[in-house]
Amino acid sequence: MDILLNGETHAVPEGCTVAELLRRNDLAERRVAVEVNRTIVPRSRHETHALAAGDEVEIVHAIGGG
């Protein structure tokens with residue numbers, strides 16, 4: 001199925017969760033914020049929040065500096 005990931009069409013398997021999407025994009029261990037259809041998905045729900053065809057997903061990386 002297709003979702004919109006950071007503004008670009010991205011194919012993911014049916015039943016893909018936010019956590020799986022992060023793993024597939026090598027972001028599982030990074031500090032990120034995830035928004036699905038303009039609603040923040042808390043980290044505690046990444047494993048259970050299933051994506052649906054046409055979902056609009058935004059992933060924002062936390063970047064530190066000094």
Side-chain angles (χ1 to χ4, degrees):
M1 71 180 174
D2 289 336
I3 62 169
L4 198 60
L5 176 59
N6 291 348
E8 296 182 14
T9 302
H10 192 79
V12 297
E14 291 286 331
C16 183
T17 63
V18 168
E20 183 177 349
L21 179 66
L22 292 174
R23 285 190 291 272
R24 289 173 164 272
N25 288 280
D26 297 321
L27 297 171
E29 301 302 320
R30 305 207 59 203
R31 295 182 72 144
V32 297
V34 180
E35 182 181 274
V36 178
N37 300 323
R38 298 184 181 192
T39 301
I40 296 290
V41 178
R43 183 176 295 276
S44 62
R45 292 189 38 220
H46 286 185
E47 289 290 342
T48 58
H49 188 100
L51 300 171
D55 276 352
E56 294 182 22
V57 181
E58 293 290 328
I59 300 174
V60 179
H61 304 262
I63 299 174

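Along the sequence shown, the residues carry numbers beginning at 1.
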| query | Is M1 reachable from V41 through a run of I, L, V, M, F, W or Y residues, each pair having side-chain heavy atoms under 4.5 Å apart? | reply | yes
Does any N or O in the side chain of [X] come within less than 3.5 Å of the main-chain N or O of [Y], such that one atom is a donor and the other an acceptor?
X: N25; Y: L21; value: yes
X: H46; Y: T17; value: no
X: D2; Y: G54; value: no

Can you name the nearest heavy-atom pair linking [X] to [Y], along with the distance?
X: I59; Y: N6; answer: N-OD1, 2.7 Å
X: A50; Y: G15; answer: CB-O, 4.4 Å
X: T9; Y: L4; answer: N-CD1, 3.7 Å
X: R24; Y: P13; answer: NH2-CG, 3.3 Å
X: R43; Y: R30; answer: NH2-O, 3.6 Å

| Side chain to side chain, E8 and L5, heavy atoms closer than 4.5 Å | no
| message | With a 4.5 Å cut-off on side-chain heavy atoms, are I3 and E56 touching? | response |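 Counting from C-beta outward, E56 and I3 never come under 4.5 Å.
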Pairwise distance [atom1]([X]) to [atom2]([Y]) - rounded to 0.5 angstrom:
X: E14; Y: L51; atom1: CD; atom2: CG; result: 10.5 Å
X: H49; Y: S44; atom1: NE2; atom2: OG; result: 12.0 Å
X: H61; Y: R31; atom1: NE2; atom2: CZ; result: 14.0 Å

